[in-house]
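Take a look at the structure set out below.
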Amino acid sequence: MKYINSSFLAHLSKVVCAATSVAIFSPIVSAYAVSDFSTTSKQTLGDSTSQHLIANEINSEINRLPEAVKEAVLQDISQRTGSEISDLRILKAKQQTWANGCLGLKADEFCSQAVVRGWQVVVANQQQIWVYRTDESGTMAKLDEGSTQAMTATVMRRETAIRQTSSRTTIARQTVVAQRSTQLTAARTSVKAKTTGFNLAIWQPAGNFTDVIARVSLKAKRNKGYLKERFLGDYKYKIKHKAKFVKGLKAGDRVVVRLYDTQNRFIGYSEFECMTANTAVNLILSANPTEYQVVRTVYGIDADNDGAIDSDTTTYDYFTQVNDQQVTFLSSSQTINVSQFQAEGLSTIATNSLYPTSFQTGKYALMRQTMSIFSYNLAEALKTEPGRLVQLIEVGDDESSIYNVSQMMMSYRDVGVANGIQVNFSDVSVNHWAKDFIAELAALQVIEGFPDGSFRPDEQVTRAQFAAMISQAFEKVNIRNAISFRDVTTTHWAYTAIRKAYSTGFLGVSGNKFNPTQRLSRLEVLLSLARGLNYTFSGSTESILAAYTDAASIRSDVRGAIAALTQRGVVVNYPDIQTLNADKVATRAEVSALIYKALASTGEVADISSQYAVEQTQQQAVDNDDDDEDDDDDDDDKKTRRHCNQGIGNGSEGCDPGNSRPHGSSNDEGGRTPGRK
């Protein structure tokens, strides 16, 4: 099939929005008119009223198109051409009655003589147009090659004529594109400036403390809830000093701080919520914390990273009080001796506490709540005295006390995950090539093992298992409505995960079946990640794919997706780093490595080095443009590594996190069906 010229591509993308840009719609409608896909409107296309009538007719027909028919057509195009379903748009749908069982098309097979009611559907992406014929249910969906070729040729002729007579319009469009590009660059810069992290300072306006120990842990937000608390380290502070925590955090995550004096006596507790930009957090102790175990928490956005809460932004201010290993989040300061808690440079204490919304309402509200500070299911490192299990980290008195949260989690993985979350597997040795990928995904509660304590790294992965893994790993907005699959009942163990994997665009379907037990090839896993993350590439495809000795075997329609993943450092090839081996059925170990690398490419987790990870020189440029972290955080990494002797490294950097046993083994999450939550 011929490809439509580049002028039409920009035009076609606008056609999809016919309801809002009807004037642009006329060339495509003209194409319908000359093909055997007729329109009902007979007015002149130049007439504004007729254009609106045509647009309304098309929208009405598309709205009545059965979902099963839509899915059958889009899936057939995707399988036939390798096009991403999310890139396809239905331009028109019209009910038809076909003359025979072959939908009126020539076929080598026997065609029944009974008429068949169905649909004629026109679909396009930014390169091609397709015309399909279907029955009413979508069970049959056939490409109408004659109409497809005729419409493609007509649109190309139409576009050529428009191009020859519309040079001014072309220039105007180029100007708009340039303006949009500038706007996107500015928007990207703005987003990059809003890096999530926090500065933590500890104060004591009255009293004689010089040092205090802050035990920091994280409750990562996942979907509508939170993952189990995870240990981030024990930090020995000088009063008024502050430390900066970067990377591995996102808005909505909750950070827990348990406070101890230098004799390891527990003296206070607080929780706060990470914000959309860097957050300045201040914990203020009473004059006698060992007796009066009250902590004032004051925090807000610190977008310019100067350590102070930005003016004209919301400042959250509340008190927590500890009594017999129970903490209460107070709704007011009326019962507090507030004179002890007024720190220099912080807002005056108000009568009523101000909490973030998630602390005030809903299932995970904390305001006016009393809860236990210690429980049996906490991580081992959260239940022992500071300094006994892991080395204390000294917070310096300069600006170099910067800690990478993702690295800290990996450093303390063996002792830092909650009771019941396994990070070691009986069949994943300490030298296994994918050990760290598997262990860290298990610690993140993305994957699980089996009831016998094994992970079965060489076992092949099914579509249902993969759906469960990616639904746990990635939080993406829906790009289409979930549908019911004939072969996935509501009682299927992965029912919810499958619907999510489909609606977020990671996995497609064939007709109205999902095929949950079908094994996935490495190529299918890679394409799913590229599709779900909407990754594209820059530069030369051939240059990027030269990293693979079997590059010639990579299909032409998927080369761009593989190049995009390669550029971002997602691809891991075992046992030969230079062989993509696209058609090989993917194993659980391979899928774990690819999912983790994909998470790292989004900035959600710290990267894990591997001798089997395909590295590209282009990747650095992509990271500089696309990472969630800004340039300051790149500097933060350099500063973080200077603290290796204080327990910050993950082993691969040559750092020794004291007694934290970096890299632990890998373990599984609960011994249920693999990937299932």
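What's counted below: heavy atoms across the whole structure, side chains too, no hydrogens, waters or symmetry copies.
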Quick one, Thr462 with Arg519, criterion side chain to side chain contact (heavy atoms under 4.5 Å, CB included). Give me CA distance, side-chain angles, the key distance, then yes/no. CA-CA 4 Å; Thr462 68; Arg519 309 292 175 176; 3.2 Å; yes
Pair Lys221-Glu475, side chain to side chain contact (heavy atoms under 4.5 Å, CB included): steps then yes or no: CA-CA 10 Å; Lys221 185 171 178 59; Glu475 294 185 47; 5.6 Å; no
Could you walk me through whether His492 and Thr489 pass the side chain to side chain contact (heavy atoms under 4.5 Å, CB included) check? CA-CA 5 Å; His492 190 282; Thr489 65; 4.1 Å; yes
For the pair Gln120 and Lys92, evaluate side chain to side chain contact (heavy atoms under 4.5 Å, CB included) and give the outcome as yes or no after the intermediate values. CA-CA 8 Å; Gln120 190 173 37; Lys92 185 163 184 177; over 6 Å; no
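Considering only heavy atoms from C-beta on, Ser528 comes within 4.5 Å of Leu507 through its side chain. Residues Arg133 and Leu105 form a side-chain contact, since some pair of their non-hydrogen atoms from C-beta on lies under 4.5 Å apart. By the 4.5 Å heavy-atom criterion applied to side chains, Thr517 and Arg463 are not counted as neighbours. Between Phe485 and Pro516, every side-chain heavy-atom pair lies at or beyond the 4.5 Å cut-off. Residues Leu533 and Phe474 have side chains in contact (heavy-atom distance under 4.5 Å, counting atoms from C-beta outward). In this structure the side chain of Trp130 reaches within 4.5 angstrom of the side chain of Leu88, judged on heavy atoms. Between Glu448 and Gln472 the shortest side-chain heavy-atom distance does not fall below 4.5 Å. Side-chain contact between Ser553 and Tyr548 is absent, with no heavy atoms from C-beta onward closer than 4.5 Å.
In this structure, a donor-acceptor pair under 3.5 Å is present between the side chains of Tyr535 and Ser601.
To the nearest 0.5 Å, the span separating CG on Leu441 from CD1 on Ile595 amounts to 6.5 Å. Once rounded to the nearest 0.5 Å, the distance linking CG of Leu599 with CG of Leu529 reads 9.0 Å. In this structure, OG1 on Thr566 lies 10.5 Å from CZ on Phe537, to the nearest 0.5 angstrom. Atom OH of Tyr502 and atom CD1 of Ile479 lie 8.5 Å apart (nearest 0.5 Å). Here the CD1 atom belonging to Ile498 is positioned 4.5 Å from the CZ atom belonging to Phe514, to the nearest 0.5 angstrom. Glu604 CD to Lys250 NZ: the interatomic distance, rounded to the nearest 0.5 Å, is 5.5 Å.
Proximity of a side-chain donor or acceptor of Asp550 to a complementary backbone N or O of Thr579 within less than 3.5 Å is not detected. Here the side chain of Gln567 pairs a donor or acceptor atom with the backbone of Ser538 at under 3.5 angstrom. Without hydrogens or angle criteria, Asn573 side chain to Gln578 main chain gives no donor-acceptor distance under 3.5 Å. Judged by distance alone, with hydrogens and angles left aside, the side-chain atoms of Lys476 form no donor-acceptor pair with the main-chain N or O of Thr504 at under 3.5 Å. Using a distance-only test at 3.5 Å, with no hydrogens or angles considered, a donor-acceptor pair links the side chain of Asp144 to the main chain of Ser147. Side-chain atoms of Arg568 come within 3.5 Å of backbone atoms of Thr536 as a donor-acceptor pair (strictly under, hydrogens ignored). Using a distance-only test at 3.5 Å, with no hydrogens or angles considered, no donor-acceptor pair links the side chain of Asn512 to the main chain of Arg486. Without hydrogens or angle criteria, Glu459 side chain to Arg588 main chain gives no donor-acceptor distance under 3.5 Å. A donor-acceptor distance shorter than 3.5 angstrom exists from the side chain of Trp98 to the backbone of Thr134, with no hydrogens or angles considered.
In plain terms, the two heavy atoms of Ala141 and Ala72 that are nearest each other are CB-CB, 4.2 Å. The two residues Leu526 and Leu565 come nearest to each other via the heavy atoms O-CD1, 3.1 Å. Looking at every heavy atom in both residues, Gln460 comes nearest to Gln465 through O-OE1, 3.8 Å. The minimum heavy-atom distance linking Thr196 with Leu249 is given by the pair CB-O, 3.7 Å. Nearest heavy-atom pair, Ile483 versus Glu71, reported as atom, atom and distance to 0.1 Å: CD1-CG, 3.8 Å. Summarising the geometry of Lys70 relative to Leu65, their closest heavy-atom pair is CB-CD2, 4.1 Å, with the distance given to 0.1 Å.
Ring pair Phe437/Tyr596 is tilted by interplanar angle, where 30° to 60° counts as tilted.
Between Glu590 and Lys584 there is a salt bridge, with a side-chain nitrogen of the basic residue lying less than 4.0 Å from a carboxylate oxygen of the acidic one. A salt bridge is absent between Lys513 and Asp487; no separation between the charged side-chain nitrogens and carboxylate oxygens falls under 4.0 Å.
A search for side chain to side chain donor-acceptor pair (under 3.5 Å) contacts involving Asp76 returns Arg80, Tyr132, not counting sequence neighbours.
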